[in-house]
Trainee: 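Please read through the structure below; I'll follow up with questions.
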Amino acid sequence: MPELPEVETVRCQLDAALPGREIVSVESVDPFILRDADAQDLPGLIEGRAFGSVTRAGKFLVLPLQGDVYLTIHLGMTGQLLIAPRGAEISHVRFSGLLHGGEDRLVFRDIRKFGRLHVTLGAPAARLSGLGPDAWIGDWDADFLRSRLNGRTAPLKAFLLDQRHLAGIGNIYADEILYGARLSPLRPAGTLTRPETERLAREIRERLGEGVRLRGCSISDFVDTEGAPGSFQDALRAYGRHGLPCASCGSPLVRTVVGGRGAAFCRYCQR
DNA sequence: CCCAAGTCCTGGTTGC
DNA sequence: TGCAACCAGGACTTGG
């Protein structure tokens, strides 16, 4: 699942490859994943415009084009952004644009169609304004976290998944963060003590940073723009490990459902 | 047949 | 009582 570290891995590669280059022609677009623009208008809107510097907000990628046009992409659950040779055979293509020079193309591939491509004239404020600060590099601290947690009865894991508080955490990193912070996913968010809040803040930055360093988690479909997997899946300590022993106490991790999502955790180490 | 995922949407509940 | 804030759960998609 593309979460913040996976999206950052892709952003980094796109920012090295795209600025200054233009989309010569839109080869295909699946109207299902397109938002804010019509498929027949798309070529006229983006063809011939060069990319600017690629940025990220939580799990959203923002690809600016000349003329105040923006491509804002969410990879959803199985989305991939590839820079692929023109001749490569690729399935489940939702958007394909030939890049200047004609040797390669920018491809948005998405098996399950949870991904979205927003095309807007002007910055994509409507899509991004509800997001909290970036969970990895955003300007926030334990006091901010405390103010957001305060008074909430929702389970801690649901809080971490809510992009309005912090942007970028998904199911995998939520499990890893809670394991590292020794906090139960079921813990009512508002009951954290100050030391627990500080532990949580530290784990959020560290686990996401580790994910970025390892170029993301390829436990399911994630690959970078060259089709290469990351390696965070080898560093998992909680996600998907229910039934396997806790690295700290040895008892089997358990699985439960929190906020409609599966959660694996150690019921002894995580309180 | 059912599960997994992230976001959006709806409808119900809580608390001031 | 009224209202906003909050929270749970379903829809969407499709391969395993």
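Since we're looking at a predicted model, the values are computed, not measured. All values below come from the heavy atoms of this structure, side chains included, with hydrogens, waters and symmetry mates left out. A, B, ... follow the sequence lines: proteins, then strands. Residue 1 opens every chain.
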Trainee: Roughly, in whole Å, what's the span from CG in A:Leu160 to P in B:dG6?
Mentor: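 Nearest whole value for this atom pair: 12 Å.
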Trainee: Nearest 0.5 Å, what's the CG-CZ distance between A:Leu236 and A:Arg241?
Mentor: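 Answer for the CG-CZ pair, A:Leu236 versus A:Arg241, is 8.0 Å.
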Trainee: Picking from B:dT7, B:dA5, C:dC7, which would you name as closest to the side chain of A:Thr153?
Mentor: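 Selected nucleotide: C:dC7.
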Trainee: Taking NZ from A:Lys157 and C1' from C:dA8, how many angstroms apart are they, rounded to a whole number?
Mentor: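 Atom-to-atom, A:Lys157 to C:dA8, this comes out as 16 Å.
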Trainee: Could you go through the salt bridge (Lys or Arg N to Asp or Glu O under 4.0 Å) check for A:Arg187 and A:Glu196 one step at a time?
Mentor: CA-CA 11 Å; A:Arg187 182 79 174 272; A:Glu196 288 173 334; 2.7 Å; yes
Trainee: Return the value, rounded to whole Å, for the distance between atom NE2 of A:His74 and atom C1' of B:dA5.
Mentor: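 Going from NE2 in A:His74 over to C1' in B:dA5 covers 11 Å.
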Trainee: If you check every side-chain atom of A:His92, which of B:dA5, C:dG15, B:dG6 has the closest atom?
Mentor: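 Nearest listed nucleotide: C:dG15.
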Trainee: Measure from CZ on A:Arg112 to C1' on B:dG6 and round the result to the nearest Å.
Mentor: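 One finds 13 Å between C1' of B:dG6 and CZ of A:Arg112, rounded.
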Trainee: Of A:Ile111 and A:Arg164, whose nearest nucleotide on DNA chain C comes first from the 5' end?
Mentor: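 Its nucleotide being nearer the 5' end, the pick is A:Arg164.
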Trainee: Calculate the interatomic distance between A:Phe32 atom CZ and C:dC12 atom P; express it in whole Å.
Mentor: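 My rounded result for the distance is 9 Å.
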Trainee: Using modelled atom types and a 3.5 Å cut-off, is there a donor and acceptor pairing between side-chain atoms of A:Ser25 and backbone atoms of A:Glu27?
Mentor: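 Side chain of A:Ser25 to backbone of A:Glu27: no pair is present.
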Trainee: Between A:Arg207 and A:Asp175, does a salt bridge (Lys or Arg N to Asp or Glu O under 4.0 Å) hold up when you go through it step by step?
Mentor: CA-CA 10 Å; A:Arg207 295 285 74 72; A:Asp175 274 7; over 6 Å; no
Trainee: Give the rounded distance in Å between these two atoms: CE of A:Met77 and P of B:dT7.
Mentor: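 Nearest whole value for this atom pair: 13 Å.
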Trainee: Measure the distance from CG on A:Leu75 to P on B:dT7 and round it to the nearest whole Å.
Mentor: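 From A:Leu75 CG to B:dT7 P: 11 Å.
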Trainee: Do the two ring centres, one from A:Tyr239 and one from A:Tyr179, sit under 6.0 Å apart?
Mentor: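 When the ring centroids of A:Tyr239 and A:Tyr179 are compared, they turn out to be at least 6.0 Å apart.
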Trainee: Classify the nucleic acid contact of A:Tyr239 as base, sugar-phosphate or nothing, counting any heavy atom under 4.0 Å across all strands shown.
Mentor: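 Touches sugar-phosphate only.
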Trainee: Taking the nucleotide of DNA chain C with the nearest heavy atom to each, does A:Pro155 or A:Arg261 sit closer to the 5' end?
Mentor: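 In this pair, the answer is A:Pro155.
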Trainee: At under 4.0 Å between heavy atoms, what does A:Gly262 touch on the DNA or RNA strands: base, sugar-phosphate, or nothing?
Mentor: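 Since only primed, P, OP1 and OP2 atoms lie under 4.0 Å of A:Gly262, the category is sugar-phosphate.
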Trainee: Does B:dT7 have OP1 or OP2 sitting under 4.0 Å from an N or O in the side chain of A:Gln163?
Mentor: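 Yes, because at least one side-chain N or O of A:Gln163 sits under 4.0 Å from OP1 or OP2 of B:dT7.
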Trainee: If you only use heavy atoms from C-beta on, which nucleotide in B:dA5, C:dG15, C:dC7 is closest to the side chain of A:Arg152?
Mentor: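 Output: C:dC7.
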Trainee: Send over the distance from A:Lys113 NZ to C:dC12 C1', rounded to a whole Å.
Mentor: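 Computing the A:Lys113:NZ to C:dC12:C1' distance gives 11 Å.
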